[in-house]
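What follows is one structure encoded as structure tokens, with my remarks underneath.
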Amino acid sequence: KIALITGGTSGIGKACAELYLKNDFNVIITGRRLDRLAEFKSQFEDGRVHVLCFDVRNESQVIDSLNSLPEEWKNIDILVNNAGLALGLSRFFDGNSQHWDTMIDTNVKGLLYVSKVVSNWMKNVQKGHIVNIGSIAGKEVYMNGNVYCASKHAVDALTQAMRIELAEFNVRVSAVHPGAVDTEFSEVRFEGDKEKADQVYVGFENLIAEDIADAVIYITSRKP
Ligand code: NDP
Ligand code: 8X3
């Protein structure tokens, strides 16, 4: 069986890739950082890991890169739409419109570009399971979260839309909506300010990436 995980170079995506490999899947991971993709691949025996380097925001890169997969790797059983990010934390009227574009292009449009290609492959063989990584931010809105929350609310809506529209093709669609997970997420959000990022996880017990991977694997290992 084959699982494709977007954003497999760190955090939740990497933990999902490792757990699928432990569960005897072959795994495709994607991301923009080629060094990390190569390093991940080198840790596993030949033939079990395939890596693809592309930016989910670029539709033609997404299409070309996915289509470049060897035929046997296109038979994807599970797609985990995980690549995503937050940028900034401020009231919307003080917000940075480039941050808004990046979040919407990555979290919403990127998820759509990848899903369009892969769901057509799944439809053709009448099997598959897509898991979208949403967020508690896609269920509730918090102060200063505005556009990130909106992008994750969009992921929630798209999950429901994809589920309705793919059901007749025997393709299942689920989502996991985590609370705060200690990954590189906050470092990315605060553009490398590690001190600020560390503060996010003070005063409560945060989740770790492996917790989310557990939930994803649980969902995709249920009976049809
Ligand atoms: P990380 O920053 O650790 O990982 C994010 C991953 O997404 C990286 O592998 C990164 O790869 C990839 N990515 C980001 N932008 C792009 C892009 N434009 N094209 C391709 N890949 C991209 O964060 P998390 O593991 O925490 O985040 C994973 C998902 O989980 C996100 O969707 C996030 O919104 C969601 N989430 C996170 C929570 C948290 O508290 N951490 C809670 C709830 C949801 P690269 O940089 O190599 O491209
Ligand atoms: C990430 C979790 O609460 O920091 O989606 O937005 S939160």
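Quick note: residue numbers are just sequence positions, from 1.
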Problem set entry | Worked check of side-chain contact (heavy atoms from CB on, under 4.5 Å) between Leu69 and Leu52 | CA-CA 8 Å; Leu69 280 169; Leu52 291 176; 3.9 Å; yes
Problem set entry | Within-4.5 Å side-chain heavy-atom neighbours: Ser119 and Leu166 | yes
Exercise. Given the rule in the side-chain contact (heavy atoms from CB on, under 4.5 Å) test, do Lys152 and Val155 qualify, once you have shown the distances and angles that lead to the verdict?
Worked result: CA-CA 5 Å; Lys152 289 297 182 175; Val155 171; 4.2 Å; yes
Exercise. Where is the tightest heavy-atom contact between Phe54 and Arg32, given as atom of each residue plus distance?
Worked result: O-CG, 3.6 Å
For this session: State whether Glu71 and Lys74 are salt-bridged, where the test is any N-O pair (Lys NZ or Arg NE/NH1/NH2 against Asp/Glu carboxylate O) under 4.0 Å.
Result: yes
Exercise. Residues two or more places apart in sequence or in another chain: which of them pass side-chain hydrogen bond (donor to acceptor under 3.5 Å, both in side chains) with Asp35?
Worked result: none
Exercise. Going only through I, L, V, M, F, W and Y residues with side-chain contacts under 4.5 Å, is there a path from Val51 to Val80?
Worked result: yes
Problem set entry | Closest non-hydrogen atom pair between Met122 and Asp77, with its separation | CE-O, 3.7 Å
Problem set entry | Connected via hydrophobic side-chain network under 4.5 Å: Leu112 and Val118 | yes
Exercise. For the residue pair Glu191 and Leu87, what are the closest heavy atoms and their distance?
Worked result: CG-CD2, 4.2 Å
For this session: Following the transitive rule for hydrophobic clusters with a side-chain heavy-atom cut-off under 4.5 Å over Ile, Leu, Val, Met, Phe, Trp and Tyr, establish whether Leu79 and Ile133 coincide in one cluster.
Result: no
Exercise. Can you tell if the side chain of Leu207 reaches within under 4.5 Å of the side chain of Asp182, non-hydrogen atoms only?
Worked result: no
Exercise. Quick one: do Asp198 and Lys194 make a salt bridge, cutoff under 4.0 Å?
Worked result: yes
Exercise. Should we count CD of Glu205 as having more than 12 external heavy atoms under 6.0 Å?
Worked result: no
Exercise. Same cluster or not: are Val117 and Val125 linked, directly or through other Ile, Leu, Val, Met, Phe, Trp or Tyr residues, by side-chain heavy atoms under 4.5 angstrom apart?
Worked result: no
Exercise. So, Glu184 and Arg33, do they make that salt bridge, N to O below 4.0 Å?
Worked result: yes
Return a table of donor-acceptor pairs under 3.5 angstrom between the side chains of residues 11-29 and protein atoms on other chains or two or more places apart.
| unit_1 | atom_1 | unit_2 | atom_2 | d |
| --- | --- | --- | --- | --- |
| Tyr20 | OH | Thr220 | OG1 | 2.7 |
| Asn23 | ND2 | Leu19 | O | 2.7 |

Exercise. What pairs meet the salt bridge (charged side-chain N to carboxylate O under 4.0 Å, His left out) rule with one or both residues in residues 52-62, with sequence neighbours excluded?
Worked result: Asp55-Arg57
Problem set entry | Inter- and intrachain pairs under salt bridge (charged side-chain N to carboxylate O under 4.0 Å, His left out), touching residues 104-115, at least two apart | Asp105-Lys109
Seminar exercise, completed: Correct closest heavy-atom pair for Leu85 and Met103 would be O-CG, 3.8 Å
For this session: Of all the heavy-atom pairs spanning Val173 and His129, show the shortest one and how long it is.
Result: N-CD2, 4.3 Å
Problem set entry | Hydrophobic cluster of Phe92, others only, ordered by chain and residue number, side-chain cut-off 4.5 Å | Phe93
Problem set entry | Same apolar cluster (I L V M F W Y, side chains within < 4.5 Å links), Met162/Ile78 | no
Problem set entry | Residues which pass ring-ring contact (aromatic ring centres under 6.0 Å, His included) with Phe185, listed by chain and number, not counting sequence neighbours | Tyr148
Problem set entry | N/O donor-acceptor pair under 3.5 Å between Thr6 side chain and Thr30 backbone | no
Exercise. How far apart are the closest heavy atoms of Ala175 and His177, and which atoms are they?
Worked result: CB-NE2, 3.5 Å
Exercise. Distance under 6.0 Å and angle within 45° of the ring axis: does Arg36 meet both against Phe40?
Worked result: no
